[in-house]
Amino acid sequence: MAKQKKPQRPKARRPRGFEDRPANILRAEWRLVQSAYAVYDSYGFEPLQTPAFEFADVLGKFLPDEDRPNTGVFALRDDDEQWLSLRYDLTAPLARYVAENFDALAKPFRRYQSGSVYRNEKPGPGRFREFVQCDADSVGAASSAADAEMIMIAADVMKAAGLTDGQYAIRVNNRKLLDGILEQSGVPNTDAGAEQRLKVLRAIDKLDRLGEDGVEALLGEGRKDDSGDYTEGAKLSASGIKAVLGFTVASDPDRGKTIANLEKLVGQSGRGNEGCQELTDIDALLNATGFGPDRVGFDTSIVRGLGYYTGPVFEAELLADIKDKKGRPVRIGSIGGGGRYDDLVSRFRGQPVPATGFSFGVSRFLSALERMDVMLSETQAPVMICAFDRNLMSEYFKMAAELRAHDIRAEVFVGSGNITKQMKYADRRGVKLAVLMGSDEYDAQTVTLKDLVLGAEMAKAISSNEEWKSSRPAQSTISRIDFVSEIKKALDA
RNA sequence: GCCGCCUUAGCUCAGUUGGUUAGAGCGCCGGUUUGUGGAACCGGAGGUCCUUGGUUCGAGACCAAGAGGCGGUACCA
């Protein structure tokens with residue numbers, strides 16, 4: 001007899017960095033996004049949705065090619081040989097949209113958007129290759145008022161998510177300040193110094209993880225980490241390193257004092273003074289609208305790793321209730337941020353188009369909220385109408401429709417199996433109320449209502465199966481006519 | 001990309017010096033119970049021991065390469 005070959009079945013599996021998100025996660029995410037939308041809406045922003053794919057050259061200056069086909073972005077060739085890429089954020093597509101529809105849009109154009117973005121990078125804990133971002137941006141406004149507004153929005157989104165003041169902080173800095181400091185340390189504020197400036201930014205971005213010593217090494221010659229990997233440094237002079245490190249600790253809980261400190265540090269640098277002036281303007285608007293230092297602070301140690309920011313930058317950080325040794329709230333970490341990016345839209349057009357925005361990662365924000373035990377209300381499982389007697393299916397569907405008409409989730413059991421199976425199903429679904437109507441009840445125009453939550457509670461006192469079966473805990477008979485109001489009563493109880 | 005650790009049932013894991021038919025707990029399915037969830041008891045299904053090659057009379061175990069997973073680090077326009 002020939003060897004029986006096993007059928008070649010595909011293995012049910014999922015690429016790494018791409019997540020399935022079940023009901024409880026999705027519902028929480030929807031609520032979070034809806035809360036953010038409500039804030040964006042209240043400030044007068046309008047929704048926009050753009051596609052997942054864009055032309056590769058629209059997304060950035062790096063074209064996927066034979067040498068570097070897929071670094072960072074997912075890309076494929078369309079049937080006309082043009083490169084398409086999945087968007088890696090929502091900002092670049094916005095820049096494209098504004099540039100494409102420039103003349104038709106009233107400026108400043110202010111929109112909000114959320115959706116999946118894709119990064120072809122190594123995933124890690126809390127890092128995925130597909131994740132949902134939720135953004136608001138303002139395009140065409142050069143004034144610091146637009147930046148101040150984005151900062152207020154960020155703070156209000158924190159509040160709308162259920163956080164109380166003190167559980168979060170928006171930390172604001174300005175790229176122009178660092179440009180000024182570096183200028184004075186011999187790093188020219190031109191393209192020639194761009195690479196060095198980026199290295200400095202990335203070094204500062206690692207302050208909380210590597211500490212001052214590690215960052216000092218990265219600002220200078222370079223640093224070898226524990227696994228033996230070497231990272232080349234920014235090669236600043238000793239005085240440059242000192243100036244940069246001094247800058248990162250120049251902030252004070254008082255915003256006004258921070259500005260005073262910074263004015264001394266930037267000295268004669270024109271760029272630096274511009275930065276100070278912008279912070280002063282932002283401070284004035286925050287003060288006028290009551291955004292105190294408990295919600296928004298100036299913090300020179302945050303820079304954001306991205307290269308495209310040109311002015312004010314900020315991060316939204318969650319603070320756990322636990323205090324550290326110095327009595328300050330412990331940082332859980334950055335869950336979002338934003339800033340001014342004046343060159344992103346002008347890339348497509350000859351003229352300058354200033355822009356500023358705010359963005360947060362939905363799932364990262366959500367898991368941070370969970371760690372902080374911010375209660376996210378749960379959706380009630382549906383009322384379960386058991387298919388006791390298959391001849392009564394139309395009556396069951398009628399009852400379910402009556403409940404739905406009163407905004408009560410209801411489900412008729414459409415699977416197979418006897419009542420035992422149906423009760424097990426209801427139990428597993430977390431159903432609170434089960435409706436039982438067999439021919440006995442139907443003839444009497446009554447309904448048997450069972451409270452499964454209460455029943456489970458009562459079951460703890462019952463050990464023998466006979467007693468369990470005969471007692472039929474937490475069950476009541478109600479009239480068919482009062483069915484909806486009785487269920488409403490039972491659900492509210 | 002670089003460094004380290006790991007891979008046996010759906011999950012968590014055991015598996016002796018290399019020796020017959022690879023086990024446990026939990027979970028799942030069925031029954032006791034087709035008008036009732038839990039508990040209890042009884043029964044059942046479920047395995048390419050990650051893959052390929054090598055050593056050996058004999059490999060889940062030893063060796064090599066590869067794949068996948070996890071963690072660190074770098075990159076992230």
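Reminder, nothing fancy here: chain letters follow the sequence lines and each chain counts from 1.
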> Give me the distances for all protein-to-nucleotides 4-11 of chain B N/O pairs that come in under 3.5 Å?
none

> Would you call A/Glu395-A/Arg480 a salt bridge at under 4.0 Å N-O?
yes
> Base, sugar-phosphate or nothing for A/Lys460? Non-hydrogen atoms, less than 4.0 Å.
nothing
> Using the P atoms only, state how far B/G10 lies from B/G46, rounded to an integer number of Å.
11 Å
> When only distance counts, do a donor and an acceptor, one from the side chain of A/Gln475 and one from the base of B/U36, lie under 3.5 Å apart?
yes
> Heavy atoms from C-beta onward define the side chain here; which of B/G38, B/C76, B/G69 lies closest to that of A/Lys424?
B/G38
> Could you please name the option among B/C75, B/G72, B/G35 that lies closest to any side-chain atom of A/Ser439?
B/G35
> Just compare B/G35, B/U36, B/A74 and give me whichever is closest to any side-chain atom of A/Phe388.
B/G35
> Between A/Gln113 and A/Asp135, do the side chains contain a donor N or O and an acceptor N or O under 3.5 Å apart?
no
> Are A/Glu19 and A/Arg129 packed together at the side-chain level, in the sense that at least one heavy-atom pair is separated by less than 4.5 angstrom?
no
> Where each pair must be Watson-Crick or G-U wobble with both distances under 3.5 Å, what dot-bracket representation of RNA chain B is obtained, with crossing pairs in [ ] and other-strand partners as |?
(((((((..((((.....[...)))).(((((.......))))).....(((((..]....))))))))))))....
> Indicate, yes or no, whether a donor-acceptor pair under 3.5 Å links the base of B/G35 to the side chain of A/Glu441.
yes
> Between B/C75, B/A74, B/G30, which nucleotide gets closest to the side-chain atoms of A/Lys421?
B/G30
> Counting only side-chain N and O atoms of A/Trp468, is one of them less than 4.0 Å from OP1 or OP2 of B/G37?
yes
> Students often get this wrong, so: under 4.0 angstrom with heavy atoms, is A/Arg209 touching a base, only sugar-phosphate, or nothing?
sugar-phosphate
> Are any protein N/O atoms closer than 3.5 Å to N/O atoms in nucleotides 31-34 of chain B? If there are, list each pair with its distance.
from  : atom 1 : to       : atom 2 : distance (Å)
B/U33 : O4     : A/Asn465 : OD1    : 3.3

